Amino acid sequence: MIDYFKYAVAEDGICTLTIDQPNSATNVMNQAFLDGFRAALDRALADDRVKGIILTSAKSSFVAGADLKAMEATLYGNPDAKTLYEQCWAFSSLLRRMETGGKPVVAALNGPALGGGFEIALACHHRIAADVRGMVVGLPEVGVGLLPGAGGTQRYLRMIGVAKALPLLLQGSQLKPDKALELGLLNEVVPADQLLPAARKWLLGSPDPVKPWDKKGFQVPGGGNPMLPNLAQLFMGTAANLQANTYHNLPAPLAIASCLYEGMQLPIDKALQVECKYFVKLNLDPVAGNMVRTIFINKSEADKLVRRPAGIDRKVHQRIGVLGAGLMGAGVAYVAAQNGIDVVLIDRDQASADKGKAYSESRLRKDMARGRITADKVEAILARIHPTADYAALGDVSLVVEAVFEDRGVKAEVFAKAEAVVPVDAVLASNTSALPITGLAETTGRPANVVGLHFFSPVERMPLVEVIRGRQTGDTALAHALDFVAQLKKTPILVNDSRGFFTSRFIGAFINEGVTMVKEGINPALIENAARMTGYPVGALTISDEIGLDLAYKGAQQQAQDLGADNRPGASVEVIATMVATHGRHGRKNGKGFYEYAADGGKRLWPGLDDLWPRRPASEQPDVREVQHRMLYAQLADAARCIADGVLTDPADGDIGGCFGVGFPIYLGGPFAAMDTIGIGAVVAECDRLAARYDAGRFAIPALLREMAAEGKTFYGRNRVVPPARRTEPVA
Ligand code: NAI
């Protein structure tokens, strides 16, 4: 057995259990961890010399929580519920044994303790945290569709009461030490070098090793009867809020609320079993499996640059250029400078370049006013941004990102100017939203250096960067572009060149379907609400207004010009053209789009839509499910085409891109996870039905998906299909 737990008993009778998983930067909770923990605890409880136990870790964090990677195998209902229950209970009951073992245990948290790691600490009799940078505690399980299954919900409840526990658990809050101290979830916060002495001191003070809830007459703080008016109201409000915010697409929040509701009425041992059962229930639900895979496993791999070409030295970018200091360029410059990279920020004239830098300045000053950053750091970041109109300043950059107007001519012009100055191996990256990279590369003398780096707005908040490989993009440029994304601490997905790459065309399929329904006289409110009910953060009409109808109009015109006779405009193009060209409705930016916007920030659907596209009578409006299916399956079909055509070479890129870039419902885990969950055969059948009823193109299913259905293949798991990895032909 590999021993994760170092056991040392001092003369004063204090046993220090140090968790130190071999060959790992963190302690993760897996079977070996559990076995080691049980053995160490048994030994300490049986050891007559031991008066008290300090539980600490040899890593920079305390315990990182469950090994979600190993856990993937136990999601999707495999193994069966009984085995899962036994596994969960083995851990929960072990913590309970520690809690009731008769010897005081203190958690000496030397670093972050999240999820299962914090559940261990909660089961201890005292919690002391070291005041170190990045220290955080909490139970964030809800974020991956799960709940804390080892007593977390029940101990929060009994320590701080339901009114405080519920929001923390529903939001998966990660707490800084001062906040946790204030809440009573931590008992002490001490300087790092005082951690073990403080733990020892507490143990030597003859503490009571019996928890309040193991004493007669214990009352849950704030009351433990859900029929009390304030608690009844709290649960009612919670259920209503969950419905309003999640449409109950996410089972975890409801399960957490149920754990508290039921748990407060039960003795702790029974309550822990109830929690364990809800944990198993979530484990069996594909929502948790899909969320864990996309949000945690696939994203972590993308962050580690799993798609980076092998054998190329890692590039640490010290100085880069950003061409175009508008909305996107200013954002890229800000994030790069924040991450220690010097940025030459170029625009047409000095004033425009300065304006781009001013964006960083105003953001940083705001953060400083809120006490989030010190004046020194602000100055250091700002000193890294060098605004200028002079391309000569690009002499020693290793990468440039262009973010000038979405116009081929302007992009070619700035690339040419940069190319004349930058080193021969510098990466030339474009932040274009949709112009094919291959075409842009051909305007330069170094097509192998050209790559797409598609950031999302606002750059500082959006975690995703879509990295686009043009037909001639070389492995070195691609690797160095990915290195840059990693330096910015963003998540890259890798996509082959195609019109709209992946994310733009994928969200386009959703928007196109929604707008097309307006044209068909379907109630716009129904279209918007159906999207929210499916789990999209906003409806297709809202997002169109946010992006700008004028931009969509310009994009459609550009596409018509590029493709000539081959252009097959989406059904929504006519609607957008009417809105923009005839009625001057550009979206939120001019207060007029599918919605009209009041000065006070309010908005309502524009009544004029009914005049332009007469609304069908109520009796002829479709069922909400049909509206939901049209938007969802239009995207699923498009994602399937992307993989069949080689735009995507791995479903993980599509799932991460969909969820982190363009608001695909997170509980579905992305389009490919969703197709696996629905069943490939069922997806094919539904798309065929929709194709026959509405449009053969939008719901067209590639042969690959039919083959998969016939052969019982899936995008993930044991019957995983190997997607064709070919590159697309240049499209323009
Ligand atoms: P913007 O209009 O805010 O900024 C463009 C900047 O480029 C302006 O400051 C302009 O003065 C400058 N510029 C124009 N011609 C120039 C030249 N010849 N030399 C130097 N600077 C020049 O546009 P935005 O929104 O920042 O978009 C930039 C690019 O990013 C576009 O290709 C756009 O499609 C793409 N993009 C935009 C997103 C968005 O949400 N706005 C999202 C993702 C990509």
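Just so we're clear, the structure is a prediction, and the values are computed from it rather than from any experiment. Whatever order the structure lists them in is the order used to number ligands and atoms, beginning at 1.
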Check your understanding: If you measure from each non-hydrogen atom of V404 to ligand 1, which part falls under 4.0 Å: side chain, backbone, both or neither?
Key -> both
Review point. Which ligand 1 atoms are under 4.0 Å away from a heavy-atom of A325?
Key: 9 (O)
Review point. Are there more than 12 heavy atoms of other residues, nucleotides or ligands under 6.0 Å from atom NZ of K603?
Key: yes
Check your understanding: When rounded to the nearest 0.5 angstrom, what is the spacing between CG in D562 and CG in L435?
Key -> 7.5 Å
**Study point:** 4.0 Å heavy-atom contact, K417 with ligand 1
**Key:** no
Check your understanding: Would you say the side chains of E406 and T432 form a donor-acceptor pair under 3.5 Å?
Key -> yes
Review point. Hey, are the side chains of S360 and I381 touching, using non-hydrogen atoms and a 4.5 Å cut-off?
Key: no
Check your understanding: With a 4.0 Å heavy-atom cut-off (strictly under), which part of K355 contacts ligand 1: side chain, backbone, both or neither?
Key -> neither
Point to revise | Protein heavy-atom partner closest to atom 32 (O) of ligand 1 - residue, atom, separation in Å | key: E406 OE1, 2.5 Å
Practice item. Distance to 0.1 Å, residue and atom name: give those for the protein heavy atom nearest to atom 16 (C) of ligand 1. Key: R348 CG, 3.4 Å
Check your understanding: Which residue supplies the protein heavy atom nearest to atom 40 (O) of ligand 1, what is that atom called, and how far is it?
Key -> S457 CB, 3.3 Å
Review point. Between R505 (side chain) and T503 (backbone), is there a donor-acceptor pair under 3.5 Å?
Key: no
Check your understanding: Under 3.5 Å, N or O to N or O, is F455 touching ligand 1 that way?
Key -> no
Check your understanding: Run the side-chain contact (heavy atoms from CB on, under 4.5 Å) check on D655 and Y716 step by step: do they pass?
Key -> CA-CA 11 Å; D655 282 347; Y716 294 102; 2.7 Å; yes
Review point. Which of the atoms in ligand 1, numbered in the order shown and given with their element, are less than 4.0 Å from a heavy-atom of Y391?
Key: 19 (N)
Practice item. Mark yes when over 12 heavy atoms from residues, nucleotides or ligands other than D313 sit less than 6.0 Å from its CG; otherwise mark no. Key: no
Review point. Would a 4.0 Å cut-off, counted as strictly less than, catch a protein heavy atom around atom 30 (O) of ligand 1?
Key: yes
Point to revise | Option whose closest heavy atom lies nearest to atom 44 (C) of ligand 1, chosen from V410, V459, L435, N431 | key: N431
Check your understanding: Is the shortest N/O to N/O distance between V414 and ligand 1 below 3.5 Å?
Key -> no
Practice item. Distance to 0.1 Å, residue and atom name: give those for the protein heavy atom nearest to atom 5 (C) of ligand 1. Key: A403 O, 3.6 Å
Practice item. Have a look at ligand 1 and work out which part of F456, if any, has a heavy atom under 4.0 Å from it: side chain, backbone, both or neither. Key: neither
Check your understanding: How close does the nearest protein non-hydrogen atom get to atom 3 (O) of ligand 1, and which residue and atom is it?
Key -> L327 N, 3.0 Å
Revision key, fill the gap. The protein heavy atom nearest to atom 2 (O) of ligand 1 is F405 CE2, 3.4 Å
Exercise for review: Compute whether any side-chain donor of one residue and acceptor of the other, for D483 and Q487, lie under 3.5 angstrom apart.
Suggested key: no
Exercise for review: For residues L394 and L323, determine if any side-chain heavy atom of one lies less than 4.5 Å from a side-chain heavy atom of the other.
Suggested key: yes
Practice item. Output the list of atoms in ligand 1 that are nearer than 4.0 Å to some heavy atom of E413, sorted by atom number. Key: 18 (N)
**Study point:** Short side-chain donor-acceptor distance under 3.5 Å, T438 and Q472
**Key:** no
Practice item. Classify the contact between S433 and ligand 1 as side chain, backbone, both or neither, using a heavy-atom distance cut-off of under 4.0 Å. Key: both
**Study point:** side-chain contact (heavy atoms from CB on, under 4.5 Å) evaluation trace for W613 with V575
**Key:** CA-CA 9 Å; W613 299 284; V575 175; 3.5 Å; yes
Practice item. Please write down residue, atom name and distance for the protein heavy atom closest to atom 9 (O) of ligand 1. Key: D347 OD2, 2.6 Å
Review point. Within the structure, does S352 bring an N/O atom to less than 3.5 angstrom of an N/O atom in ligand 1?
Key: no
Review point. Going by the atom numbers of ligand 1, which of them fall below 4.0 Å from some non-hydrogen atom of T432?
Key: 32 (O)
Check your understanding: Which residue owns the protein heavy atom closest to atom 24 (P) of ligand 1, what's the atom, and how far is it?
Key -> M328 CG, 3.8 Å
Review point. Which of the atoms in ligand 1, numbered in the order shown and given with their element, are less than 4.0 Å from a heavy-atom of K411?
Key: 31 (C), 32 (O)
Review point. Is the closest side-chain donor-acceptor distance between N567 and Q559 under 3.5 Å?
Key: yes
Practice item. Answer yes or no: are there more than 12 heavy-atom neighbours, outside K554 itself, under 6.0 Å from its atom NZ? Key: no
Practice item. To the nearest 0.5 angstrom, please state how far the CG atom of D638 sits from the CD1 atom of I507. Key: 12.0 Å
Exercise for review: Please determine if H454 has a nitrogen or oxygen closer than 3.5 Å to a nitrogen or oxygen of ligand 1.
Suggested key: no
